[in-house]
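Every value quoted in this text rests on a predicted model; they were computed, and no experiment measured them.
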Amino acid sequence: MNNRQVADILYDIADMLEIKGEIIYKSIAYRRAADNILNLGRDINDVWRDGKLREIPGVGEALAKKLDELLRTGRLGYYEGLREEIPPGVVAMLAIPDVGPKTANLLYERLGLMSVADVGRAGREGKLRDLPGLGVKSEANILAGIEALHRRTDRIPLGTAWPVAREILGALRAGCSALQQATVAGSLRRMKATIRDIDLLVASDEPEAVMDCFVNLPLVEEVALRGSTKTSVILHNGLQVDLRVLEPARYGSLLQYFTGSKDHNVALRELSLDQGLSLSEYGFKRDGEEILRSDEESVYNTLGLPWIPPELRENRGEIEAARRGKLPKLIELSDIKGDLHVHTSWSDGVASIAEIAEAARARGYQYAVMSDHTQSLGVARGLTPERLWEQRAEINRLNEQFANFRLLQGAEVEIKADGSLDLPDEVLSELDVVVASIHSGLRQERERITSRLISAMRNPHVDVIGHPRGRILGQREASAVDMDRVLAVALETGTILEVNAIPDRLDLDDAHIRRAVGMGVRLAVDSDAHNAEGLAAMEYGVATARRGWAEAENVVNTLSLNELLELVRNK
DNA sequence: GCCGTTTTCGGCCCGACTGTTTTCAGTCG
């Protein structure tokens, strides 16, 4: 049972307790523990084996006992008992917009409804409107909510959401004179790997004018909600965009509040209360008197904290670090001096080596490693040693033209199902940088796939492990890799672990990056580009590294060309 | 159910919006 599965059970319990009408803090406690298990960056089974469940924040005596039962036996009596009381279909009703725990319970207890489909049927028969607290409008909203649920878009990748947000901001700035400032907020500003909706903020003294402007943008399909400070719309592509408007004097508080995360904000408000302040999106209050903040930095300063970068705002220790002046100096995109993982038309890329070189130079890089696939990856037209030498000749030719830039030759060598590499050592030793990756047998059980990675890392010619966990967001779960062992061997052998920047990979993820950083394991942020534009994905990789508290010194492609070559030669 | 340089018990964040209400409950973020 992996972290995700354990967390999902805790989330499920939290929902059931809420439907039952238990005190809300119990549900909050379960959800907080589940969040922390997801953010652990290590396997919950290992934590359990080490007898350290209680060290997970939010896990106390009662939860540790339940987790022990769950991990030991694969079952949890308490959970099964709850599921007898509250059918899973009733929990599923919570996904319907406007249906929360109270309403779900009402539908179950009063009408005996057991599923979303049941609710839809009862709604169409007009049976919901007579329930206490509901009426004709609520009934219609619930039916519309079920419709929306069926065509709902799942969480979308960061790399999809960013361009859309930029487009809307551009349209607002161009077409809306009442607007004074505008920015992205929410999980998108925190650069989470996936986001559910786009949050935008505007400072303006004329909110109504801004709202008019917003709902009339051509991208907008329908207006879901319209108020004086908040408006939500659905775009033609199904994405929801929320816009909030406040006057400029409150903009700092607004931005801080709607950047979140929710947990970060809760912790910040607790800290505020300790200092006799009450904090909301409108500003601070002391004894009922308002204290307005127009910029975000001064919101944090008011609490005696330095400004905290949005990528850190997950309540994973950033507030404590800020208090003690121990915030990391996060890596920036401008620190990146090269890319260690780029494909060309020699394998499955579409750009020539010359085109890649031009794009890399335009980004101000000192170097880029051509790391095409190797022979056994047939679908990607992987390179044989002979083809590699032909490619080397072209790289050498091109390098003669460059003054302050160098193309390096590498390869993304296959780690085969038995753990051996796809090219012999004498070939690997000729390459400048070797990335080794798994593209097959991703579902092997834990011991086997972990051993594969470890034997690759122990090869002295292997410099980097590409996309170590093999996840594809929304499509494929990460492999069962034992990351504790992989991190330990990476440290021991000096092997670099990749932060792959392709938006639906972002692998390693933020939690594992944080562990690697804490241990001193070296990282490389790579675009894994398959065309010239693909180099720009670096932005998402750097953002993910920042979410993992990485500084420039943790990432090898912030090194100069000579420093990098020195490093890989001495592996 | 968790947690503690104020606490081992009594706290545990804040407000908008909506629909159903005669002053508020539920949902959402």
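- Taking the side-chain contact (heavy atoms from CB on, under 4.5 Å) definition, one finds that Asp98(A) meets it with Asn141(A), sequence neighbours left out.
- Rounded to whole angstrom, the span from the CZ atom of Arg269(A) across to the P atom of dG29(B) amounts to 15 Å.
- Residue Lys137(A) places its side chain closer to dT20(B) than to any other of dG15(B), dC13(B), dT20(B).
- In a base pair of the Watson-Crick type (N1 to N3 plus N6-O4 or O6-N4) or a G-U wobble (N1-O2 and O6-N3), with each distance short of 3.5 Å, dG10(B) is matched with dC3(B).
- Residue Ala29(A) places its side chain closer to dC2(B) than to any other of dC2(B), dT18(B), dG26(B).
- The side chain of Ala62(A) lies closest to dG1(B), out of dG19(B), dG1(B), dC17(B).
- Distance from the side chain of Ser138(A) is smallest for dG19(B) among the nucleotides dG19(B), dT27(B), dG29(B).
- Here the nucleotide nearest the side chain of Lys262(A), chosen from dC13(B), dT20(B), dG1(B), is dC13(B).
- Atom C1' of dT8(B) sits at a distance of 29 Å from the matching atom of dC14(B), rounded to the whole Å.
- Comparing Leu225(A) and Arg54(A) by the nucleotide of DNA chain B whose heavy atom lies nearest to each, the residue mapping closer to the 5' end is Arg54(A).
- Interface residues of residues 13-25 of chain A facing DNA chain B, ordered by number: Ile23(A), Tyr25(A); criterion, heavy-atom separation under 4.0 Å.
- Here Lys65(A) lies out of heavy-atom contact (under 4.0 Å) with every strand.
- Of the candidates dT27(B), dG1(B), dA16(B), dA16(B) carries the atom nearest the Tyr282(A) side chain, counting heavy atoms from C-beta on.
- Each of dG1(B), dC17(B), dC14(B) was ranked by its minimum atom distance to the side chain of Ser228(A); first place goes to dC17(B).
- At a threshold of 4.0 angstrom between heavy atoms, the contacts of Leu134(A) are confined to the sugar-phosphate backbone, with no base atom among them.
- Counting any heavy atom pair closer than 4.0 Å across all strands shown, Phe258(A) reaches no nucleic acid atom.
- Taking only side-chain atoms of Thr229(A), from C-beta outward, the nucleotide of dT18(B), dC17(B), dG1(B) with the closest atom is dC17(B).
- If you check every strand for non-hydrogen atoms under 4.0 Å, Ser27(A) touches nothing.
- Nucleotides dA16(B) and dC9(B) place their P atoms 38 Å apart, quoted to the nearest Å.
- Between the side chains of His264(A) and Glu318(A), at least one donor N or O sits under 3.5 Å from an acceptor N or O.
- Residue contacts for Lys102(A): at a heavy-atom cut-off of 4.0 Å it reaches the sugar-phosphate backbone alone, with no base atom in range.
- Look at Thr103(A) and you'll find a side-chain N or O under 4.0 angstrom from OP1 or OP2 of dT27(B).
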